[in-house]
Each structure stands twice: as C-alpha cells, then as structure tokens.
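Values below: all heavy atoms of this structure, side chains included; hydrogens, waters and symmetry mates excluded. Owing to the predicted nature of the structure, the values given are computational and were not obtained by experimental measurement.
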Amino acid sequence: NTRIHTFTMLAGRNYSGGEPTDDVLRLTDLAHVLAVGMTGSGKSTLLRMMLASLALNTSPETLRLFIVDPKSEDFLPFKRLPHCEMFAGRQDITRAIAAVRAILAERQDIEGRFDGPRVVLFLDELSQVQDLAAIRQLNDLMAVGRSKRINVILATQYPTKDVIGKVDLSNVGVRFVGQI
C-alpha cells in the first residue's frame, strides 16, 4: 500500500516483531535527511522510494521539488513530475541551491506562519559539491529551512571528513547508513 499522509515519505518496512509496518518520515516532523552508502548499498533505491511516495501522496500545489542528480540517471524519471520545479545535473548544483535560497529569501519577509508550498531539495551526491560558497549556502539553508517549510535530503557515497565535514549536520535529524 503506497497511500500515506501528505508530506510523508515511505522509508522502508519494519518486520521486527508483530505485524509488518511501514517506516515513514513526515517532513512536518523533521528538518533534514542524510543517506550514506557505497555504490550498490541501496541508497538511490531508498531515495527514489522516498521521492516517489512523497510525490504520490502530496499534490503539486503544495510541494515544490528541486532535484539535483549529478549523473542525470537515478532521478531522471522524476524530472517530469508536476511537483518538479528544477532538475539539475552536476553543472547546475550551485544554480539549484541558489534557486532554493531565493525561495528562502522570499519567505524571510513573511511574518507568522507560512502557508505556501513545502520545498524539498534532493541532492543525490554531496561529494560533487566542491564550491565552498555553495556549501555555505547549503548550510545557511539547512539552519533555517525547517521553520520556512524547506527540507533538504542529502546523499553521498563518501562519508568522509572531506565531504561531510563541510556540511553542518546539526539539523539532520534522520541518517541512513548503508554499507560504507
């Protein structure tokens, strides 16, 4: 069954004791997500399942997706979703982060609770972000994003200090670790 609540992503199936249950992540309850694992560990499959279930159960009017797929293959089918505001490859990572930052800037002028669409930035390979200015923008975005209805979902094959050490993970509430 793929029917779940709005702004919710299917993250797996729990078989530990009793009846199997869906493991879900509600964007309204968390800030950001990090998935790490080497090639073949299931990271992209997990992220595709999360993205597909989110889009299936949330209307395009209430969800804007910014998808960064440096290889332009794992998430390419999602480019055609009506929710997809921007699909960016390796050369467009900085542009995608800048686009989400522009949305954040729009929302800084709004007082009180913001009722506009939720924005989700999927960044498939964090190690491809080499520009330190882009990393700073990403960190700034993650620091204030949740209160502005912005979530970031990151993934990397390389959970090294050189890659992850640049990103402030204090706001990453959910971390998936595959084989590394």
Checklist line | Chi angles and distances behind the side-chain contact (heavy atoms from CB on, under 4.5 Å) call for Leu54, Leu27 | finding: CA-CA 9 Å; Leu54 177 63; Leu27 294 178; 3.9 Å; yes

Next item on the list: Taking Ser53 for its side chain and Leu10 for its backbone only, find out whether a donor-acceptor pair lies under 3.5 Å.
Entry: yes

Checklist line | Sole residue of Ile67, Leu47, Thr156 in side chain to side chain contact (heavy atoms under 4.5 Å, CB included) with Asp124 | finding: Leu47

Item checked: Sidechain N-carboxylate O distance under 4.0 Å for Asp23, Arg13 -> no

Item checked: Reported CG-to-CG distance for the pair Leu25 and Asn151, which is rounded to 0.5 angstrom -> 10.0 Å

Sequence neighbours excluded and cut-off under 3.5 Å, please list the side-chain donor-acceptor pairs for residues 29-39, or say none.
unit_1: His32; atom_1: ND1; unit_2: Val152; atom_2: N; d: 2.9
unit_1: His32; atom_1: NE2; unit_2: Met142; atom_2: O; d: 2.9
unit_1: Thr39; atom_1: OG1; unit_2: Gln157; atom_2: OE1; d: 2.9

Checklist line | From CA spacing to verdict: side-chain contact (heavy atoms from CB on, under 4.5 Å), Leu65, Phe78 | finding: CA-CA 9 Å; Leu65 296 173; Phe78 297 101; over 6 Å; no

Item checked: From Met9 atom CE to Thr58 atom OG1, the distance as rounded to the nearest 0.5 Å -> 9.5 Å

Next item on the list: Compare every heavy atom of Glu125 with every heavy atom of Pro70, then report the nearest pair and how far apart it is.
Entry: CG-CB, 3.9 Å

Check: Judged by atom type as modelled, is there a donor-acceptor pair below 3.5 Å linking the side chain of Thr45 to the main-chain atoms of Lys43?
Finding: no

Next item on the list: Enter the distance from Asp69:CG to Glu73:CD here, rounded to the nearest 0.5 Å.
Entry: 7.0 Å

Next item on the list: Would you give the length of the straight line joining atom CG of Leu81 to atom CG of Leu63, rounded to the nearest 0.5 angstrom?
Entry: 9.0 Å

Item checked: Interatomic distance, Asn139 atom CG to Leu169 atom CG [nearest 0.5 angstrom] -> 8.5 Å

Next item on the list: Apply side chain to side chain donor-acceptor pair (under 3.5 Å) to Glu19 and list each qualifying residue two or more places apart in sequence or on a separate chain.
Entry: none

Notebook entry, point to check: Stepwise, does the side-chain contact (heavy atoms from CB on, under 4.5 Å) test hold for Val172 with Val167?
Noted result: CA-CA 10 Å; Val172 176; Val167 178; 5.9 Å; no

Next item on the list: Check for a donor-acceptor pair, side chain of Asn57 on one end and backbone N or O of Ile4 on the other, with a separation under 3.5 Å.
Entry: yes

Check: Which atoms form the tightest heavy-atom contact between Arg48 and Asp74, and what is the distance?
Finding: CD-O, 3.1 Å

Notebook entry, point to check: Nearest 0.5 Å, what's the CG-CZ distance between Leu46 and Phe176?
Noted result: 5.0 Å

Next item on the list: Using modelled atom types only, decide if a donor and an acceptor are shared between the side chain of Asp22 and the backbone of Val24 within a distance under 3.5 Å.
Entry: no

